[in-house]
Novice: 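Once you've had a glance at the structure underneath, I'll fire off some questions.
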Amino acid sequence: MKNQVTSYVLIRYQFPKTIAIKARREVPYEFKLASRLLLDEMVFNFNKGLLEERINEAIDKQDIEQFKKLSKQYAKYVK
């Protein structure tokens with residue numbers, strides 16, 4: 001797979017002239033993809049758990065409207 005490259009330009013200021021130092025760091029695509037998938041799964045699980053807690057609170061309070069609203073949102077996580 002092709003590596004994606006991130007480039008940085010570091011500038012050291014000296015009085016009469018400026019010297020630019022260029023640095024490159026290559027991050028393999030596989031690492032970026034794996035970290036993105038891990039973050040997506042963590043956010044998914046957090047949001048799903050938060051909805052479950054809110055649904056349980058709505059059931060405990062017997063708030064039917066809130067339960068229906070949250071159930072529609074939760075259905076997207078179960079499919």
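All figures in this text were calculated on a predicted structure; none of them were measured in a lab. Along the sequence shown, residues carry numbers from 1.
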Novice: Can you confirm whether I64 is buried at CD1, in the sense that more than 12 heavy atoms of other residues, nucleotides or ligands lie under 6.0 Å from that atom?
Specialist: no
Novice: Tell me whether L51 shares a hydrophobic cluster with V78, the cluster being built from Ile, Leu, Val, Met, Phe, Trp, Tyr side chains joined at under 4.5 Å.
Specialist: yes
Novice: Using 0.5 Å steps for rounding, measure from the CZ atom of R54 to the OG atom of S71.
Specialist: 13.5 Å
Novice: Using 0.5 Å steps for rounding, measure from the CG atom of N47 to the NZ atom of K76.
Specialist: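 Answer rounded to 0.5 Å: 11.5 Å.
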Novice: Tell me whether L70 shares a hydrophobic cluster with L50, the cluster being built from Ile, Leu, Val, Met, Phe, Trp, Tyr side chains joined at under 4.5 Å.
Specialist: no
Novice: Does CZ belonging to F31 count more than 12 external heavy atoms closer than 6.0 Å?
Specialist: no
Novice: What's the spacing between Y77 OH and N45 CG if we round to 0.5 Å?
Specialist: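 Those atoms lie 10.0 Å apart.
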Novice: Which value, rounded to the nearest 0.5 Å, describes the distance between Y74 atom OH and K48 atom NZ?
Specialist: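 Going from the OH atom of Y74 to the NZ atom of K48 covers 4.5 Å.
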Novice: I need the R36 CZ to Y29 OH distance, nearest 0.5 Å.
Specialist: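 Interatomic distance, R36 CZ to Y29 OH, rounded to 0.5 Å: 10.5 Å.
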Novice: What's the spacing between Q73 CD and I55 CD1 if we round to 0.5 Å?
Specialist: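 Atom-to-atom, Q73:CD and I55:CD1 are 8.5 Å apart.
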